[in-house]
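Have a look at the structure below before the remarks.
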Amino acid sequence: MTTNPRYEVLFEPVQIGPVTAPNRFYQVPHASGMTEANPRVRAAFRGTKAEGGWGVVSTGAVSTHPSSDDSPLPFARLWDDNDIRSHALACDAIHEHGALAAVELWHGGAAVMNRTSRIAPYSPSGIPWMATHVGFMGNQRPRTMSAEDIRQVLNWQAQAARRAHSAGYDIVYVYAGMGYLGYEFLLEEYNHRTDAYGGSVENRVRFVKELLEISKEAVGEDCAVALRISLEELRAKPSDNYASQAHEVVSLMSDIPDLWDVKMDSSPTDCGASRFRAEAAHEPVIDFVKQVTDRPVVGVGRFTSPDTMVSQIKRGVLDLIGGARPSIADPFLPNKIREGREDDIRECIGCNICISSWHDGVPVRCTQNATAGEEWRRGWHPEHFTPTSSSAALLVVGGGPAGLEAALIAARQGFSVTLAERGTELGGRLLFETSLPGLSTWGRVRDYRLQALQQMPNVNLYLDSELSAKDILELEHQHIAIATGARWTRMLYSSLEIPVGHLNVPGVYTPDDLAAGMLPQGPTLVYDFDNYYLGGVIAEHLATLGREVSYATPAGHASAWTIMTNEQPFVHQALHQHGVKVHTLQLLKSFHNGEAEMANIFTGDTSQYACQSIVIVGHRSPRDELYQQLQSSSGDFEAMGIHSVKVIGDAHAPGALVHAVHSGHSFARSLEQDSDTLYLRDIPVTDFPPGHAAT
Ligand code: ADP
Ligand code: SF4
């Protein structure tokens, strides 16, 4: 197939200083949780994106010195020459496919806590960055940088840039975004200096300008220098001679960087979840940059639609289409557009599980793309599958995310696949959940898989087909996957986190009841100790139906775990806007006569809430009866010609969508494989013995 002429503009090369990007697809720097501890995992992850057509592939933040130490969060380093080899592996993997490699050199300033290096954090004026996430909080305030400190930071940037150049990077970044050191110099709230680095905007940009100049000197003639900068707050600030301080800052440095990489100021606004932010949401902040500089501009916006990308180019908003999440969900997005296969794009759903992985301190995980981070250690390629020589057939029971992924990945290997779903539509839990406020984009998990399965000749999809254990055995498939999901329970817990039985009284509902079409009557209390999105979304949903809704949780925030996915501030805003009263630190004890008794989880103080109904969003248990029946129905599967019977997804261990998809994928990849190696363990690569390998 050929490129749609409308999209050809996306495949034009773009000059970035002394180097040329082969097309406009630019994987901007994004955290991957991969460091020098797992260099092969990192190289394969980044290299796969180059293979998929991204013209530029960048690292995540790479610290220039131990005074920029984000531990225990994972971060990469170019602290001494021993770090070069592992970066070179990634550069080689990227270059192998004709892409440019970019490195985001980074000094975290007051926004890092230097927990391992124990160096007092650096800052322009001793003003701490305000952390709202417990993982980012520390109890040491930053020091005020002396003139000597400034010289040193510049010197570390130069040394790291030289190492980056020798590792093979084509683009070296200066970072002035998201609360980190360069950004702190730009903002008058952080920068109270009275020397040449503080005061006027011209003085406040001096440090960033010097970082750019020293990086240019360090890398020489064949490597570009990019500036990554957050413009949200600056754009909101008036300036005497410009439309805003953002206009002033960009104008003052317009022709210094070879590339402008422009973004928002905080992770929740920069990497907004689809629940609360649409595609291309950054445009109102960054739309002016191209009018102020003639250097190329890259920006993001969870772009998955080629029409939106073309519109950004044609309207002069961006020169390069930045992608972080879209490149994780589908490393082959550019190639699919080039080949006229737009319908095959595995579009990012904007769930931000990838971001939660970084907060968790582990390599990136993706709901849509189970192969992200598994390219090297499990040998999973997102588009290539080892054809099976087996004639074994697979029966998948249940058409939710786990069943759909298992069926698709098995079919792509050439297995003959039958999927039976008891409902009249495929999608499992997604069918209900995507009808709730803000979650329609998540339907892409079903849509991508379904449209692929429907085109495959070796796949049969049966709806309205509830199978019993007897039916399954009579169908005589060699592999059986039970993907029958999980059910929400009415279980409650004590303040010691011990289950105390089920609240089986009239007026108490679970999300499954709502999915089945029941509607709680009267004033309703949503009691949430699942802590992810669903409790908050159900409260919002019932409020939009006109119910009087309260939301209670034993946690300290509504949808407490969504701090990991950047959604929490917006969950609270949404509940507030819908008039939902939020009660935190509350344990549900009992419910009778229209009164819920709650107790403060710490003090035990009780209070009564008047409500007619309660929705408990708490514990889920596997719906695995079918699997248990199969296990007990016959010990002699071998004699029946059955090679394997497995339970997958929520029926195995209830989790988020990301777990169900990964489970389905993992199951299908291991069909007819008898290796018991779970995955390869990566180890660091170095040239020198431990210590400081000086340049
Ligand atoms: P997961 O997230 O693990 O994919 P879901 O709950 O989303 O789980 O999907 C499970 C699917 O299995 C649902 O669509 C449900 O209707 C289906 N299902 C459950 N029991 C049976 C059965 N006995 N036969 C066929 N389909 C079933
Ligand atoms: Fe997109 Fe979710 Fe994958 Fe992140 S985890 S890339 S937000 S689909």
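Only a predicted model underlies this, so the values are computations on that prediction, with no experimental measurement involved. Note: hydrogens, waters and symmetry copies are ignored here, and every other heavy atom, side chains too, is used. Ligands are counted one by one from 1 in listed order, and the atoms in each one are counted from 1 as well.
- Taken from CD in Glu232 to NZ in Lys263, the straight-line distance is 11.0 Å, to the nearest 0.5 Å.
- The one candidate from Arg449, Arg669, Arg412 that meets the salt bridge (Lys or Arg N to Asp or Glu O under 4.0 Å) condition with Glu405 is Arg449.
- Distances from atom 3 (Fe) of ligand 2 under 2.8 Å pick out these protein N/O/S atoms: Cys366 SG.
- Using a 4.5 Å heavy-atom threshold, the side chains of Asp624 and His652 count as separate.
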List ligand 1's nitrogen or oxygen atoms that come under 3.5 Å of a protein nitrogen or oxygen, with the partner atom and distance.
residue: ligand 1; atom: 2 (O); partner: Asp650; partner atom: OD2; Å: 2.6
residue: ligand 1; atom: 3 (O); partner: Asp650; partner atom: N; Å: 2.7
residue: ligand 1; atom: 4 (O); partner: Pro401; partner atom: N; Å: 3.1
residue: ligand 1; atom: 4 (O); partner: Ala402; partner atom: N; Å: 2.8
residue: ligand 1; atom: 7 (O); partner: Arg429; partner atom: N; Å: 2.8
residue: ligand 1; atom: 12 (O); partner: Ala483; partner atom: O; Å: 3.3
residue: ligand 1; atom: 14 (O); partner: Glu421; partner atom: OE1; Å: 2.7
residue: ligand 1; atom: 14 (O); partner: Glu421; partner atom: OE2; Å: 3.1
residue: ligand 1; atom: 16 (O); partner: Glu421; partner atom: OE2; Å: 2.6
residue: ligand 1; atom: 16 (O); partner: Arg422; partner atom: NE; Å: 3.3
residue: ligand 1; atom: 23 (N); partner: Leu467; partner atom: O; Å: 3.1
residue: ligand 1; atom: 24 (N); partner: Leu467; partner atom: N; Å: 3.1
residue: ligand 1; atom: 26 (N); partner: Arg422; partner atom: N; Å: 3.1

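- In His477, the NE2 atom is crowded: over 12 heavy atoms of neighbouring residues, nucleotides or ligands sit closer than 6.0 Å.
- With sequence neighbours left out, His619 forms a ring-ring contact (aromatic ring centres under 6.0 Å, His included) with no residue at all.
- The ring-ring contact (aromatic ring centres under 6.0 Å, His included) test applied to Phe45 returns His30, not counting sequence neighbours.
- Residues Glu375 and Lys49 are not paired through a salt bridge, judged by the lack of any N-O separation under 4.0 Å between the basic side chain and the carboxylate.
- The Gly350 neighbourhood of ligand 2 comprises atoms 1 (Fe), 7 (S), with distances under 4.0 Å to a heavy atom of that residue.
- By the 4.5 Å heavy-atom criterion applied to side chains, Thr565 and Ile355 are not counted as neighbours.
- Ring pair Trp358/Phe136 is tilted by interplanar angle, where 30° to 60° counts as tilted.
- For the atom pair CG (Leu395) and CG (Leu419), the distance works out to 8.0 Å, reported to the nearest 0.5 Å.
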